[in-house]
Amino acid sequence: MNLEQIRRDTIGCADKLFFNSAGSSLMPKVVLEKMTSYLYEEERLGGYKVSELQAGEIAGFYKETAQLLHTQPENIAFIYHATDAYAKALSAIPFSSGDVILTSDDDYISNHLAFLSLQDRLGIQILRAKNLSNGDIDLSHFETLVQRHKPRLVAITHIPTNSGLVQPVVEIGEICKRYGTWYLLDACQSVGQMVVDVQQIGCDFLSATGRKFLRGPRGTGFLYVSDRVLQEKLCPLFVDMRGADWITADTFQVQMDATRFETWENSYASLIGLKEAVRYANQIGMQTIESYNQQLLFQLRENLLKINSIRVLDRGSQLANLLTFNVPDQELAVVEEALVENTVFYSVSELSSARIDFAKKKVDWAIRLSPHYFNTLEEVEQVSEIVGGLQR
């Protein structure tokens, strides 16, 4: 991996310590160049004509994203953001009153809110699998719940937004396959920072965003759907003319591929930008990215665990490039002021977005640091020193 070239491609990393790729990362400059070039063409020719002329580039998005996930282009849909992709997947599940959704204590806030909305509107029951003492999901308890309650859907967040925990998604997929349960995976924080292979995972749906570790533009994302979903003709509740053909006055027929989850109107400049971001990651290689990211995480975590004045909050047998910590007896505003003064870019997770996890940890907030492959080990040392001085 040519780190010097990557940093030259990443203009935003030159004047700051950017540790917020779990929030919204820094785009490679080629992403912006491709998007602006496309928009200039729209200015000159109009959107319809440009999408015709750029059909090959547009098709490239599906090919690059399929390569990223180890699947086929027909299994990929472009969606404007991950929550929209997740909602479309949820709306495709044929729920009935009394059906069960099995999830975890560590799922994303918007996913929990969607489950609660389904509970209020359709009478869906929500079950959450227990965690082991080390933070991992209890797979034995999880399978017992599947056996006992026969959930219509298993919904898991691969890496929680408020923790570096990596869930055992392959093992969960094996359980879902044994019992024929639909499996929805939120991969917002994993796609782009580690290898994600949908064939190994065995999920039926996977939602992801462009703006995080994939380093794409905001307002972009995608949905993977399995062959099983396509064969059983699951489609979103509100399909449009991109996703289906109007056959007679009272009937329609969905598309045979994942475009049934798309809408006809698209920001193709945004799609082109996301395609370029995915291509950039594919060219480096996700195994290479993951290996280097693990070096960054290991060094950052080792450093912060030595600082007595802070509390590192992440627990689990496998941890990702997302580290959270709290400073006991310190006001959040004071901590943030010190980080901002030292040009550290970070995120804050608050109790309102992690009700179950933070209640267990007895914290109201956490600072989230998320290095990525354009960062250096020297930057890790700098951030560690700054964090170490928070209560001196």
Side-chain angles (χ1 to χ4, degrees), residues 62 65-66 69-79 82-103 107 111 114-115 117-119 121-127 142-143 145-147 149-158 169-187 196-208 221-248 250-264:
Y62 301 93
T65 307
L69 298 182
H70 303 269
T71 186
Q72 300 301 316
E74 56 265 28
N75 297 96
I76 301 296
F78 174 75
I79 313 287
T83 301
D84 187 28
Y86 199 89
K88 286 185 174 182
L90 277 179
S91 77
I93 304 295
F95 287 116
S96 299
S97 178
D99 281 346
V100 169
I101 293 176
L102 176 57
T103 185
D107 267 52
N111 302 349
F115 304 152
S117 180
L118 285 169
Q119 177 179 262
R121 181 165 295 190
L122 297 180
I124 301 302
Q125 183 182 0
I126 305 166
L127 295 178
F142 181 90
E143 184 162 9
L145 291 176
V146 174
Q147 289 175 320
H149 298 280
K150 298 178 175 57
R152 177 73 68 179
L153 175 70
V154 163
I156 295 293
T157 295
H158 198 172
V169 293
V170 173
E171 291 82 356
I172 289 170
E174 291 169 353
I175 294 171
C176 291
K177 185 176 180 180
R178 277 200 294 275
Y179 297 96
T181 303
W182 293 110
Y183 181 16
L184 168 57
L185 183 66
D186 179 338
V196 176
D197 186 333
V198 292
Q199 304 306 321
Q200 289 185 355
I201 294 169
C203 54
D204 293 296
F205 298 93
L206 180 148
S207 62
F222 58 82
L223 179 68
Y224 157 81
V225 297
S226 68
D227 290 340
R228 179 188 175 205
V229 168
L230 297 177
Q231 289 161 6
E232 298 205 16
K233 296 186 177 180
L234 297 192
C235 67
L237 179 60
F238 297 110
V239 66
D240 90 335
M241 65 189 208
R242 167 74 166 167
D245 293 323
W246 198 9
I247 303 302
T248 71
D250 298 312
T251 61
F252 69 89
Q253 180 175 305
V254 296
Q255 303 300 337
M256 296 307 294
D257 60 14
T259 58
R260 70 181 65 165
F261 287 89
E262 296 184 349
T263 53
W264 184 83

> Do the non-hydrogen side-chain atoms of Glu143 and Arg178 ever get within less than 4.5 Å of each other?
Replying inline: yes
>> Measuring from atom OG1 of Thr263 to atom CG of Asp84, what distance do you get when rounded to the nearest 0.5 angstrom?
In response: 8.0 Å
>> Quick check: do Lys150 and Val100 have side-chain heavy atoms less than 4.5 Å from each other?
In response: no
> Does some side-chain heavy atom of Leu234 sit less than 4.5 Å from a side-chain heavy atom of Pro94?
Replying inline: yes
>> To check you understand the geometry: which heavy-atom pair defines the closest contact between Ala208 and Ala187, and what is its length?
In response: CB-O, 4.3 Å
> Can you name the nearest heavy-atom pair linking Phe142 to Ile156, along with the distance?
Replying inline: CE1-CD1, 4.4 Å
>> Could you walk me through whether Thr71 and Gln199 satisfy the side chain to side chain contact (heavy atoms under 4.5 Å, CB included) test, starting with their C-alpha distance in whole Å, then the side-chain angles of each, then the deciding distance to 0.1 Å, before giving a yes or no?
In response: CA-CA 7 Å; Thr71 186; Gln199 304 306 321; 3.8 Å; yes
>> Using only atom types and a distance under 3.5 Å, with no angle test, would you say the side chain of Tyr183 pairs donor to acceptor with the backbone of Ile172?
In response: no
>> Would you say that His70 contacts Ile201 through its side chain, given a criterion of any heavy-atom pair below 4.5 Å between the two side chains?
In response: no
> How are the rings of Tyr86 and Phe115 set relative to one another: parallel (under 30°), tilted (30 to 60°) or perpendicular (over 60°)?
Replying inline: tilted
> Is a donor on one side and an acceptor on the other found under 3.5 Å between the side chain of Glu262 and the backbone of Ala77?
Replying inline: no
>> For Val254 versus Lys233, what's the shortest heavy-atom pair and its separation?
In response: CG2-CB, 4.4 Å
>> Would the distance check show the side chain of Thr103 and the main-chain N or O of Ala155 forming a donor-acceptor pair, the cut-off being under 3.5 Å?
In response: yes
> Roughly how far apart are Asp227 CG and Asn75 CG, rounded to 0.5 Å?
Replying inline: 5.0 Å
>> Looking at every non-hydrogen atom in both residues, tell me the closest pair between Ala85 and Ser207 and how far apart they are.
In response: CB-CB, 3.9 Å
>> Atom CZ of residue position Phe252 - does it have more than 12 heavy atoms of other residues, nucleotides or ligands inside 6.0 Å?
In response: no
>> With heavy-atom distances below 4.5 Å as the criterion, would you say the side chains of Trp246 and Met241 are in contact?
In response: no
> Which heavy-atom pair separates Tyr224 from Cys203 by the least distance, and what is that distance?
Replying inline: CE2-O, 3.5 Å
> Once you round to the nearest 0.5 Å, how far does CD of Gln253 lie from SG of Cys235?
Replying inline: 11.5 Å
> Hey, what do you get for CZ (Phe78) to OG1 (Thr65), rounding to the nearest 0.5 Å?
Replying inline: 9.5 Å
> For Ala114, does its backbone N or O pair with a side-chain atom of Ser117 as donor and acceptor, under 3.5 Å?
Replying inline: no
> If every non-hydrogen atom of Arg228 is compared with every non-hydrogen atom of Thr181, which pair is closest and at what distance?
Replying inline: NH1-O, 3.7 Å
> Side chains of Asp245 and Gln255: does their closest heavy-atom pair fall under 4.5 Å?
Replying inline: yes
> Could you state the interatomic distance from CD1 (Ile126) to CG (Leu153), rounded to the nearest 0.5 Å?
Replying inline: 11.0 Å
>> Is the shortest side-chain heavy-atom distance between Asn111 and Leu90 below 4.5 Å?
In response: no
> Are Tyr179 and Gln147 close enough that some pair of their side-chain heavy atoms sits under 4.5 Å apart?
Replying inline: yes
> Hey, mind stepping through Leu102 and His149 against side chain to side chain contact (heavy atoms under 4.5 Å, CB included) and telling me if it holds?
Replying inline: CA-CA 9 Å; Leu102 176 57; His149 298 280; over 6 Å; no
> In Å, rounded to the nearest 0.5 Å, how long is the span from CG of Leu223 to CD1 of Ile76?
Replying inline: 8.0 Å
